Amino acid sequence: MKDPVRIAITGGAGQISYSLIFRIAAGDMLGPDQPVILQLLEIPQAMDALNGVVMEVNDCAFPLVQEIVATDDPNVAFKDADFALLVGARPRGPGMERKDLLEANAAIFSVQGKALNDNASRNVRVLVVGNPANTNALIASCNAPDLSPRQFTAMTRLDHNRALTQLAQKTGKRVTDVEQMIIWGNHSATQYPDLAHTKVAGKPAFDLVERDWYENDFIPTVQQRGAAIIKARGASSAASAASSAIDHMRDWALGTDGVVSMAIPSDGSYGIAEGIIYSYPVRCQNGDYEIVQGLEIDEFSRGKMKATEDELREERAAVEHLLG
Ligand code: NAX
C-alpha cells in the first residue's frame with residue numbers, strides 16, 4: 001500500500017463538501033490504491049454539523065480513509081497538506097455589494113494563504129472553489145510567499161464540463177468525442193467558452209454547429225448555467241461542482257492527454273497581462289500543467305477574452321490592499 005496523502009478541505013459541512021468528501025474517500029480523485037488522511041476545516045458555528053459529516057464518513061468504512069481531522073483552526077487543517085481544496089467561502093448576504101463580498105472573502109483567503117504558507121507540504125496543490133474563486137486564489141497565493149504562485153489554481157472545470165455536454169448534446173455525440181474545449185478568464189458570467197479550436201469526433205465544431213447557436217445559445221447557456229441550476233433546484237450546483245473539483249485535481253496530479261481548462265496565474269500568454277488568475281487551456285503531465293500555446297485568436301475571441309480579463313483586473317483592484 002502507498003503512503004497516505006493529506007487532503008485538506010475547507011467548508012467541510014457545506015453542500016459541495018457533502019458530495020466531495022465522500023467521493024475523495026472512495027478513491028475517485030487519486031485512485032483506488034491511494035490512502036488518504038482527510039483534514040476538514042469549518043468555522044466554529046458549523047463544527048457540530050462537521051462532526052456529523054465525520055460520523056457519516058466513518059460509517060461508510062471506506063478502506064482508503066486512514067484518519068479524519070475535523071478542526072476550526074486553519075493551521076491544523078493545512079498541516080503537511082499535499083492537496084488543499086478551498087471550498088468554504090462567505091456567501092453574499094442581504095444588502096451586500098460586490099465589493100463587500102470581495103472584501104469578506106479576501107479576509108478569509110488571506111488567513112488561509114498564510115496558514116498554507118506556514119503549514120502545508122512544500123509541494124501542496126491548491127484548488128480554490130469558493131467564490132469569487134479566481135480572486136480568492138490570487139489573495140491566497142499573495143499571502144503565501146514561500147510557495148510558488150503556480151501551486152494556486154481556481155476552478156473553471158465545472159464550466160468546461162458544462163460546455164462539453166452542451167456541445168456533445170447539440171451534435172448528437174458523446175462528451176468523449178469532444179476535444180480542445182476551452183474556458184477563458186473568470187469563473188463568472190464574463191467567462192468565455194470558446195469553440196474556435198474545438199473538435200467533435202475529429203471535425204471542427206464550427207463545421208457542425210451554426211454561428212448563431214454558438215453566439216446566442218451556447219455561450220450564454222454556459223455563462224448562466226449556475227443561475228439556471230439555482231432557479232431549477234432552489235440551491236446552487238453542488239454534486240457537479242464536487243465532481244469537477246475532483247476532475248481538476250486528478251488531472252493535475254496524475255496527468256491528462258487532452259486539453260482541460262484551469263484558472264492559473266497569467267504569465268502573459270495570449271496577451272493576458274500578469275497579476276491575475278485567469279482560466280487557460282492547459283495540458284497536465286508529471287504533476288504539473290502547461291498552457292497550450294500557439295492557438296490563433298480571432299477578433300471575436302479577443303474581445304471576449306479581454307472583457308473577462310478586465311473584470312478580473314477590477315476584482316484585483318478592489319482587494320489590492322489585501323494582497324500582502
Ligand atoms: P455552502 O454555504 O453550502 O457551504 C460553505 C461552507 O463553508 C459552510 O459550511 C460554511 O460554514 C463554510 N465556511 C465559510 N467560511 C469558512 C472559513 N473561513 N473556513 C472554513 N469554512 C468556512 O456552500 P457550497 O454550496 O458548498 O459552495 C461553496 C462555495 O463554492 C461557494 O462560494 C460557491 O459560490 C462556490 N461555487 C463555486 C463553483 C465554481 O465552479 N468555482 C461552482 C459551485 C459553487 O457555486
Side-chain angles (χ1 to χ4, degrees), residues 8-22 39-54 69-78 81 84-93 96 98 101-116 126-137 139-140 143 152-163 183 185-189 191 193 222-231 233-249 260-264 277 279 312:
I9 301 172
T10 74
Q15 57 151 3
I16 293 176
S17 290
Y18 197 64
S19 174
L20 181 65
I21 293 170
F22 293 83
Q39 307 189 156
L40 310 177
L41 181 69
E42 258 298 347
I43 52 176
Q45 306 89 291
M47 284 308 290
D48 280 349
L50 182 61
N51 287 327
V53 173
V54 171
V69 177
T71 178
D72 59 9
D73 181 348
N75 293 311
V76 174
F78 296 137
L85 294 96
L86 310 189
V87 181
R90 177 83 183 275
R92 189 183 290 228
M96 222 172 160
R98 192 158 152 251
L101 184 73
L102 277 162
E103 286 215 3
N105 278 296
I108 293 172
F109 284 84
S110 51
V111 169
Q112 294 188 356
K114 285 191 188 80
L116 282 161
V126 183
L127 167 63
V128 177
V129 175
N131 279 320
N134 299 49
T135 298
N136 289 341
I139 291 163
N143 282 279
F152 288 81
T153 66
M155 187 166 91
T156 49
R157 186 60 176 268
L158 177 55
D159 309 293
H160 180 101
N161 287 342
R162 286 167 170 165
I183 305 291
N186 201 1
H187 169 68
S188 78
Q191 66 176 268
V222 175
Q223 288 175 330
Q224 304 292 339
R225 187 67 161 186
I229 301 278
I230 292 173
K231 190 157 174 270
R233 212 172 80 86
S236 57
S237 318
S240 56
S243 195
S244 299
I246 285 171
D247 289 346
H248 177 117
M249 283 305 211
V260 293
S261 303
M262 285 171 72
I264 56 176
I277 304 277
S279 181
L312 283 167

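Nothing here was measured: the structure is a model prediction, and the numbers come from that model. Numbers here simply count residues along the sequence, with the first being 1. Start at 1 and go down the list; that is how both ligands and their atoms are numbered.
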Can you tell me which residue and heavy atom of the protein come closest to [atom], and the distance to 0.1 Å?
atom                    : answer
atom 21 (N) of ligand 1 : G11 N, 3.3 Å
atom 14 (C) of ligand 1 : A89 O, 3.6 Å
atom 19 (N) of ligand 1 : Q112 NE2, 3.3 Å
atom 26 (O) of ligand 1 : I16 N, 2.9 Å
atom 33 (C) of ligand 1 : N131 ND2, 3.7 Å
atom 18 (N) of ligand 1 : I108 CG2, 3.4 Å
atom 4 (O) of ligand 1  : G14 CA, 3.2 Å
atom 9 (O) of ligand 1  : E42 OE2, 2.5 Å

Say whether S237 and R162, considering side chains only, have a donor N or O and an acceptor N or O under 3.5 Å apart. yes
Exercise: do N161 and S244 side chains pair donor with acceptor under 3.5 Å: yes
Among all the protein's heavy atoms, is there at least one whose distance to atom 2 (O) of ligand 1 comes out below 4.0 Å?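 Not a single protein heavy atom is under 4.0 Å away.
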In terms of atom number and element, which parts of ligand 1 are under 4.0 angstrom from non-hydrogen atoms of S236?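 Numbered from 1, ligand 1 contributes 25 (O).
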Mark up the atoms of ligand 1 that fall under 4.0 Å of a heavy atom belonging to A13, in ascending order. 9 (O)
Does D72 use its side chain to pair, donor to acceptor, with the backbone of I43 at less than 3.5 Å? no
Heavy-atom gap [X] to ligand 1 smaller than 4.0 Å:
X    : value
Q45  : no
G226 : no
R90  : no
S237 : yes

Identity of the nearest option to atom 22 (C) of ligand 1, non-hydrogen atoms only, from L86, N105, I43: I43
So, do Q191 and T156 sit near enough that their side-chain heavy atoms are less than 4.5 Å apart? no
Using a 4.5 Å cut-off on heavy atoms from C-beta on, say whether the side chain of S236 contacts that of I229.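 No; the side chains remain at least 4.5 Å from each other.
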Mode of L158 contact toward ligand 1 - side chain, backbone, both, neither (heavy atoms, under 4.0 Å): side chain
Between Q15 and ligand 1, which part of the residue brings a heavy atom under 4.0 Å of the ligand: side chain, backbone, both or neither? both
